[in-house]
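Remarks on the structure that follows.
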Amino acid sequence: MVESVLKKLGQTDNCVLDDVFVQAVSEVLTSLELTIRSDSRYEQFAIIERLVTPDRIIQFKVQWLDDHNNVHVNNGYRVQFNNSLGPYKGGLRFHPSVTVDVLKFLAFEQIFKNSLTGLPIGGAKGGSDFDPKGKSDFEIMKFCHAFMRELHPYIGARIDVPAGDIGVGSREIGYLFGEYKHITRNYDGVLSGKPYAFGGSLMRPQATGYGVVYFAREMLKEELQESLEEKVCTVSGAGNVAIHTIEKLQQLGAIVVTCSDSDGTIYDPKGIDLALLRHLKDEGRRLSLVEYINTHPHALYTPKTEYPDGGHTVWHIPCFAAFPCATQNELTLIDAQKLVENGCVAVVEGANMPTLPDAIELFLREGVLFSPGKASNAGGVAVSEFEMSQNASMEKWEFEKVDRKLDELMRQIYKRVSLTAKEYGVERNFVDGANIAAFKRLSEAMILEGV
Ligand code: GLU
């Protein structure tokens with residue numbers, strides 16, 4: 001079944017690195033093989049074919065002027081994948097690596113992630129190949145305004161609610177919201193991740209990272225009767241997810257010794273100085289991590305070129321638990337072997353699909369607890385839904401309330417995933433557990449809504 005669907009998607013190989021959409025579909029379908037055969041309605045309603053086909057892909061030209069009045073053109077996209085469970089929901093990514101294939105993969109992952117939250121949200125993803133690096137604040141504003149001029153007809157509080165992702169934080173969401181309001185005169189929750197000053201939810205910036213750690217805490221407690229206190233943890237990335245994962249890990253008493261950016265890795269055996277990391281990576285600044293060692297000479301900086309075989313320095317440092325929080329396909333088989341060799345007991349994904357399929361296989365075989373991003377990083381989109389809820393009722397919730405609800409939701413996701421894995425005879429396989437649990441909710445809605 002997996003092969004025939006992949007063939008239809010124009011792909012005969014099971015997994016190639018430069019086709020992340022096929023990689024994501026392949027992983028999900030492999031998990032679902034038995035489930036699909038267990039109920040004839042899936043075939044009758046062509047659920048799999050419908051599930052792997054996006055509802056629509058919107059592509060547009062974004063033209064904007066830089067500070068010297070030079071004209072630039074970028075591609076803009078929104079992939080609205082599935083709205084069976086609720087309005088399309090998912091982030092916007094601004095990064096030169098953005099292509100239709102990448103956004104299709106992210107939107108496909110999003111429908112499963114959003115289903116796992118149990119909340120009424122469908123799945124979408126969008127963005128642009130625009131590179132925010134080195135752009136002035138005004139250039140960012142002009143780009144965001146130009147992007148929204150093209151996107152606005154396709155979104156709405158009950159239609160499609162974009163949010164942030166790589167390269168898109170509350171500053172960008174603010175500019176996008178401002179332009180949407182100019183054009184439509186409609187002041188509603190059309191975007192989430194807004195600044196708190198006008199409709200944003202408290203804790204949205206922290207939500208993904210905190211959620212990752214809440215999930216990890218629950219998983220370690222239930223599976224190994226372990227805590228994170230005084231445990232050495234490694235984190236990759238230096239963006240919003242990584243920073244808040246590090247923050248929550250430190251609050252729980254863990255010692256986080258790494259972080260990384262696209263140029264290299266910092267290893268600080270005394271524990272990452274979060275205030276310094278924040279200072280270096282502040283939205284407007286985005287300095288290289290190499291600057292870290294200027295004030296912390298005891299720390300080690302390794303440029304990315306160090307491992308030409310595809311390995312990543314972060315995963316070669318011994319740890320109790322590892323948190324890939326940078327981007328897709330950043331943890332290879334070589335890295336997984338190193339982690340297993342060094343006695344790592346848990347890998348908890350903060351990014352979307354950062355671990356390669358053969359690396360996941362190794363973790364599962366070796367009994368390393370492995371949580372896929374669609375389960376452990378769902379806290380971000382969940383708090384986005386809390387923001388939609390606050391906007392719709394014109395309410396503002398306290399920080400503690402959002403935090404409590406997030407913690408509770410992450411524990412529920414863990415329970416859903418682990419119980420499903422048990423029920424389907426693949427105990428502790430949280431990849432299958434997540435895919436099956438998400439699929440069951442989603443497919444039920446698709447069947448009930450008809451074709
Ligand atoms: N981009 C985030 C994700 O990957 C958040 C999406 C949202 O808040 O809608 O889930």
Side-chain angles (χ1 to χ4, degrees), residues 20 24 77-83 85-95 97-98 102-128 151 155-170 172-173 176-177 189-195 199-212 215 237 239-245 324-328 349-354 371-391 402 405-406 409-410 413 434 438:
V20 276
Y77 312 91
R78 185 72 178 163
V79 179
Q80 296 180 331
F81 217 105
N82 187 304
N83 65 351
L85 294 174
Y88 298 109
K89 182 84 199 87
L92 296 172
R93 178 175 289 192
F94 292 169
H95 193 270
S97 65
V98 165
V102 167
L103 294 176
K104 268 168 72 185
F105 129 66
L106 289 165
F108 182 72
E109 288 281 294
Q110 198 81 42
I111 61 176
F112 284 81
K113 182 191 313 197
N114 294 4
S115 171
L116 274 180
T117 65
L119 300 169
I121 38 179
K125 203 86 182 191
S128 172
L151 180 68
I155 60 174
R158 297 288 160 139
I159 301 170
D160 181 353
V161 183
D165 197 79
I166 293 172
V168 179
S170 64
E172 289 75 13
I173 294 291
L176 290 161
F177 181 78
V190 65
L191 292 150
S192 65
K194 297 183 288 296
S201 175
L202 285 174
M203 254 210 80
R204 177 61 190 88
Q206 293 90 340
T208 311
Y210 280 22
V212 168
F215 187 99
N240 181 54
V241 179
I243 283 177
H244 292 106
T245 298
C325 293
T327 194
Q328 63 266 16
E349 290 188 336
N352 293 312
M353 209 174 73
S371 162
K374 55 173 83 85
S376 41
N377 79 21
V381 77
V383 173
S384 272
E385 197 271 353
F386 298 167
E387 183 174 326
M388 289 162 72
S389 204
Q390 292 170 74
N391 292 165
V402 184
K405 281 173 76 77
L406 171 66
L409 192 122
M410 295 314 296
I413 294 178

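Each ligand, and each atom within it, is numbered from 1 in the order the structure gives. Position 1 is the first residue of the sequence, and the numbers go up from there. The analysis underlying the following values was restricted to heavy atoms, covering all of them including side chains, and did not include hydrogens, waters or symmetry mates.
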How far apart are the C-alpha atoms of R204 and S384, what are their side-chain angles, what is the distance that settles it, and do they pass the side-chain contact (heavy atoms from CB on, under 4.5 Å) test?
CA-CA 7 Å; R204 177 61 190 88; S384 272; 3.0 Å; yes
Let's go through L151 and L176 carefully: what are the C-alpha distance in whole Å and the side-chain angles of both, what is the deciding distance for side-chain contact (heavy atoms from CB on, under 4.5 Å) to 0.1 Å, and is it a yes or a no?
CA-CA 10 Å; L151 180 68; L176 290 161; 6.0 Å; no
Given the rule in the side-chain contact (heavy atoms from CB on, under 4.5 Å) test, do T327 and I166 qualify, once you have shown the distances and angles that lead to the verdict?
CA-CA 9 Å; T327 194; I166 293 172; 3.9 Å; yes
Should E109 and N352 be marked as a side chain to side chain donor-acceptor pair (under 3.5 Å) after you check the CA-CA gap, both sets of side-chain angles, and the distance that decides it?
CA-CA 8 Å; E109 288 281 294; N352 293 312; over 6 Å; no
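No side-chain heavy atom of F81 sits less than 4.5 Å from a side-chain heavy atom of Q110.
Scanning all heavy atoms of the two residues, the minimum distance from K89 to R78 falls at C-NH2, 4.3 Å.
Ligand 1 lies under 4.0 Å from heavy atoms of K89, G90, G91, Q110, K113, K125, A163, G164, D165, R204, N352, G380, V381, S384.
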